[in-house]
Every structure is written in C-alpha cells, then in structure tokens.
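For reference, the structure discussed in these notes is given below.
Treat the numbers as computed from the prediction; the structure is a model and nothing was measured. Counting begins at 1 with the first residue of the sequence.
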Amino acid sequence: MLVPFILFFLLLGWSLYDGDISPKEAAAYVTVWAAFLLLIFLFKSQSILVVVPTVILDIILIVKVFGGDIQIR
C-alpha cells in the first residue's frame with residue numbers, strides 16, 4: 001500500500017530535477033496527494049478507496065513526465 005506513495009515522490013523529484021514540470025505544478029500534485037493522505041486517516045477501514053486515486057495520480061504523473069518517450073498504442 002505504500003508503493004504508490006513512494007513512487008509518487010520519486011516521480012515528482014525526478015520530474016522537478018529533469019525540468020518536466022514546474023514548481024507550481026509540483027505544488028498542485030502535492031496538494032492533491034496530501035488530500036488523499038488525509039482521506040486515508042479519515043477512512044481507515046476503506047483505505048483501498050483512497051489508494052486507487054493515488055495510483056491514478058501516479059499514472060498521470062508518469063504520462064506527464066515520460067509522455068514523449070512512451071509510445072502508447
């Protein structure tokens with residue numbers, strides 16, 4: 001369950017280092033991620049419902065960072 005959250009910060013750090021996203025975009029991603037984290041603490045019994053949107057956020061970040069390098073068919 002921690003993998004999507006760790007992957008998020010690795011991708012965010014890489015994209016900031018590489019210049020794929022601006023600091024404003026990074027702040028927006030972190031804000032959305034923090035909201036998901038807050039939801040985990042509020043809905044402990046249904047934490048899977050919060051992990052799924054976090055994985056979707058990771059997928060969006062992957063497409064944003066590696067979008068030009070990945071050929072989707």
Side-chain angles (χ1 to χ4, degrees):
M1 191 163 111
L2 289 175
V3 173
F5 296 106
I6 294 170
L7 179 65
F8 172 75
F9 280 107
L10 288 174
L11 284 169
L12 193 67
W14 175 261
S15 60
L16 280 172
Y17 173 75
D18 202 26
D20 290 328
I21 65 171
S22 68
K24 279 187 175 182
E25 284 179 301
Y29 281 117
V30 169
T31 303
V32 172
W33 178 85
F36 289 148
L37 185 65
L38 179 66
L39 288 173
I40 282 180
F41 291 122
L42 291 175
F43 301 109
K44 289 183 181 185
S45 63
Q46 299 174 348
S47 63
I48 193 67
L49 297 176
V50 180
V51 173
V52 171
T54 306
V55 171
I56 293 171
L57 186 66
D58 285 342
I59 292 170
I60 291 169
L61 195 56
I62 287 171
V63 171
K64 175 80 176 164
V65 173
F66 300 110
D69 298 334
I70 299 174
Q71 295 181 359
I72 301 174
R73 295 179 189 189

Next on the checklist: Show, in sequence, the C-alpha distance, side-chain angles and deciding distance for L7 and V55, and conclude whether the side-chain contact (heavy atoms from CB on, under 4.5 Å) test is met.
Outcome noted: CA-CA 9 Å; L7 179 65; V55 171; over 6 Å; no
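The list of salt bridge (Lys or Arg N to Asp or Glu O under 4.0 Å) pairs with a residue in residues 17-43, not counting sequence neighbours, reads E25-K64.
Using bins of under 30°, 30° to 60° and over 60° for the plane-to-plane angle, the ring pair W33/F8 lands in the parallel bin.
Going from atom CH2 of W14 over to atom CG of L61 covers 13.0 Å, rounded to the nearest 0.5 Å.
Each of I56, V63, I62 was compared with I60 under the side-chain contact (heavy atoms from CB on, under 4.5 Å) criterion, and only I56 meets it.
Of all heavy-atom pairs between S15 and V65, the closest is CB-CG2, 3.3 Å.
Partners of A35 by side-chain contact (heavy atoms from CB on, under 4.5 Å), not counting sequence neighbours: none found. Every side-chain contact (heavy atoms from CB on, under 4.5 Å) that L10 has, sequence neighbours left out, goes to I6.
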